[in-house]
2 protein chains.
Amino acid sequence: MRATVKDVARRAGVSPKTVSNVMNGVVPVSGSTRLKVEQAILELDYVPNLSARGLRNGRSGVIALALPDLATPYSAEIAHNVVEVAHEQGWSVQIEETGSDPRREYELMSRARSNLIDGLILNPVVLDESAVKVGVSLPPVVLLGEVSQQLADRVWVDSVAAARDMTLALARTGRHRIAVLGTAEGRHSAAAVLRTRGYQAALEELGIDRDESLLIPCEKWTPQTAAGALASYLDAHPLPDALFCFTDSMAIGALSVLWKRGIKVPDDVAVAGFDDIADGQYAVPSLTTVSFDKRRVATEALRLLTERMTDRASGQRVVTVDYRIIERDSTRS
Amino acid sequence: MRATVKDVARRAGVSPKTVSNVMNGVVPVSGSTRLKVEQAILELDYVPNLSARGLRNGRSGVIALALPDLATPYSAEIAHNVVEVAHEQGWSVQIEETGSDPRREYELMSRARSNLIDGLILNPVVLDESAVKVGVSLPPVVLLGEVSQQLADRVWVDSVAAARDMTLALARTGRHRIAVLGTAEGRHSAAAVLRTRGYQAALEELGIDRDESLLIPCEKWTPQTAAGALASYLDAHPLPDALFCFTDSMAIGALSVLWKRGIKVPDDVAVAGFDDIADGQYAVPSLTTVSFDKRRVATEALRLLTERMTDRASGQRVVTVDYRIIERDSTRS
DNA sequence: TTGAAAGCGATACCAA
DNA sequence: TTGGTATCGCTTTCAA
């Protein structure tokens, strides 16, 4: 059998309460008792039972991180940073994948209510107000990304401004027929809508007429679907001057298609992405992108979450994380 | 306040035990009482407290997955599959990053002993027998990958055979000066040792003399370090006929360096990887690699883990997952 | 500063 | 089939 506080207390000749005091270190304990207790802990190889502690305290020390798909580099980098920052602050992280399925998001919320989780960082895909109902009975929730949600705290990058800046940057290299890859057709992802909006705002500023044929829809934001979407597009349309992909993953799929067709990047067409995933730097050619500090996203999300744990009542807080355009070989003029 | 079993029991006019029976569905319950209880659960919006359940049962329903670095595509794909399979079987997954630091592995084991985790799937990097001491007091552990460990259950791909086959495949395209990228210099990663061994076995079969100058060391297996290592190598050595990178991530870094130097792949040098990460298919050119079913790795790991939970005593079990060479553009002759 | 005892919520034993 | 009750391990009042 595993040792418990009682065993430690008996061995150290003190009460369970004293053992608890030594471990949690809030109530002062005399040096000699502390030593005896620590000795006993070592001898018995005592490890506290976190289920019991969680039951008693109402907190588990675990937060959940819900992402659409861990296998995508973007999600993976976010997860990496959240896990790292959380660990530094003494939290464990449970990973959940929503697969962009609102039902999974619901499921998650109910799981979160079952007290094994003290809070939830949720990166939703679909623009859906209803999926997250932040009620009093729910644990604290922080949303990641461009969700239009008025209730939960949120950390995001200003996608509209970033997409606008990227479009302007592409135009500055002398390219004016700028296509975008990743616009949403049916179900609207918030990011798709906002990035398209930023793109169109830039065109307007530049006095470039809108051309619907330069919007290339792409339902899933993976290299695979992007490659497929771009391939069919190129079969039916002339090559644009520049291609702004709404994620780096899509850009990588696009680069692959262009290369296979012998279309030179950036000579024949410039390509840009969004997210600054690690592999973008090693793409061929290296990928121009919208970069932001993912570590900062993690830090802020965790800060909002922990603050929300102690103050459930105050209003929604939104943290906007800075971005910058990184120009690499894929758009050199 | 949140509702508890007692509240539900009172409302349904039954005892707490009956509520528990309804929820767990092992002990038969009469139809009418079941209905009453289910009604009460809905009305009170009851969600069981998993900490309490965990305390009572000694099981939490959570497993931990420990990986060196979630941000690498390989780890991310493994994590994705484990989370998915685990979810299907009703498990939650806690993610831990070891950063290839043995201390983190220790820390993890002790955390695992604290009963918030029913089992651990560990993907270690460093060949270190001592890091995982599988004793009676520890939760079940399943190791992922090429670790030389005699105690814990393990799921792996036969790296020696795979590296041998890949080397032979490269040789079949008429390339005989085959370099490998990723050999370990100081601390030995098990995978590096085994893959080097397979490579050398193939050369021997082919009657090709060993050439130490074709072993390119690379401490960390990231695109960045691979790019750096290859760049310095090329500054001092002639170009080999083929470059076998021990991971796809390294291969992606290598492709980037080769492209920047105007070295054509596969015309001037063939490049191959290992792992078959999703982006390899969209690399420029698409990457020849050693592929294996990551979903299967996840399934087997979870199977071993759950079986081990009910049978702590039986001997070590090892599952070997099949691989196959996928030839893509990066090695076309 | 330390001890005794109650209780967090769910489950399982033993009766009925 | 169902009800009462002890129990899992820890923390925290309240007293000493």
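Naming convention: chains lettered A, B, ... in sequence-line order (proteins, then strands); numbering from 1 in each chain.
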**Message:** Let's see if you can work this out: which of dT12(D), dG3(C), dG9(C) has an atom nearest to the side-chain heavy atoms of S15(A)?
**Reply:** dG3(C)

Taking N or O atoms only and anything under 3.5 Å, show me the protein contacts with nucleotides 13-16 of chain D, one pair per line.
none

**Asked** Rounded to the Å, how far apart are L116(B) CG and dG9(D) P?
**Response** 15 Å

**Prompt:** Can you find a heavy atom in the side chain of Y46(B) that is under 4.5 Å from one in the side chain of D7(B)?
**Reply:** no

**Item:** Sugar-phosphate, base or nothing in reach of R53(A), heavy atoms under 4.0 Å
**Value:** sugar-phosphate

**Asked** At how many degrees, to 10°, do the end axes of the helix from dT1(C)-dA16(D) to dA16(C)-dT1(D) meet when each uses five pairs?
**Response** 30°

**Asked** Roughly how many Å is it from CG in L55(A) to P in dT7(D), rounded to a whole number?
**Response** 17 Å

**Asked** Do W91(B) and V62(B) touch side chain to side chain, with heavy atoms closer than 4.5 Å?
**Response** no

**Rounded distance (Å) that lies between atom P of dG9(C) and atom OH of Y46(B)** = 10 Å

**Message:** Does V14(A) reach a base, just sugar-phosphate, or nothing at all? Heavy atoms under 4.0 Å.
**Reply:** sugar-phosphate

**Asked** Which atom names give the shortest non-hydrogen contact between N123(A) and L144(A), and what distance separates them?
**Response** OD1-O, 3.2 Å

**Request:** Check whether any side-chain heavy atom of I121(B) lies under 4.5 Å from a side-chain heavy atom of L305(B), and answer yes or no.
**Result:** yes

**Message:** Any side-chain to backbone donor/acceptor pair from S75(A) onto D69(A)? Under 3.5 Å, distance only.
**Reply:** yes

**Complete:** Against the side chain of P16(A), the closest entry in dT2(C), dT11(D), dA12(C) is dT11(D)

**Prompt:** Which atom names give the shortest non-hydrogen contact between P139(B) and D118(B), and what distance separates them?
**Reply:** CB-O, 4.0 Å

**Minimum-distance nucleotide to T18(A) side chain [options: dT7(D), dC10(D), dT2(C)]** = dT2(C)

**Asked** With respect to the side chain of S20(B), which nucleotide from dC10(D), dA10(C), dT11(C) is positioned closest?
**Response** dT11(C)

**Prompt:** Starting at the 5' end of DNA chain D and moving along, which residue's nearest nucleotide shows up first, S32(B) or A52(A)?
**Reply:** S32(B)

**Prompt:** Taking for each residue the nucleotide of DNA chain D bearing the nearest heavy atom, is the 5' side occupied by R34(B) or by N57(A)?
**Reply:** R34(B)

**Asked** Expressed in angstrom and rounded to an integer, what is the separation of R56(B) atom CZ from dT11(C) atom P?
**Response** 9 Å

**Asked** Has R34(A) got more than 12 heavy atoms of other residues, nucleotides or ligands less than 6.0 Å from its CZ?
**Response** yes

**Atom-pair distance (CZ on R59(A); P on dC8(C)), nearest Å** = 17 Å

**Item:** N-O pairing of R295(A) and E88(A) below 4.0 Å
**Value:** yes

**Asked** Would you call D322(B) and D293(B) a side-chain contact if the rule is heavy atoms closer than 4.5 Å?
**Response** no

**Prompt:** Closest heavy-atom contact between R154(B) and L304(B)?
**Reply:** O-CD1, 3.7 Å

**Prompt:** Tell me: CZ of R10(B) to C1' of dT2(D), nearest whole Å?
**Reply:** 18 Å

**Message:** Please report the distance, rounded to the nearest Å, between CG in N49(A) and P in dT11(D).
**Reply:** 10 Å

**Message:** Applying a 4.0 Å non-hydrogen cut-off, can you work out what T33(A) is touching in the nucleic acid: base, sugar-phosphate, or nothing?
**Reply:** sugar-phosphate

**Item:** Spacing of N21(A) atom CG relative to dG3(C) atom P, expressed in whole Å
**Value:** 10 Å

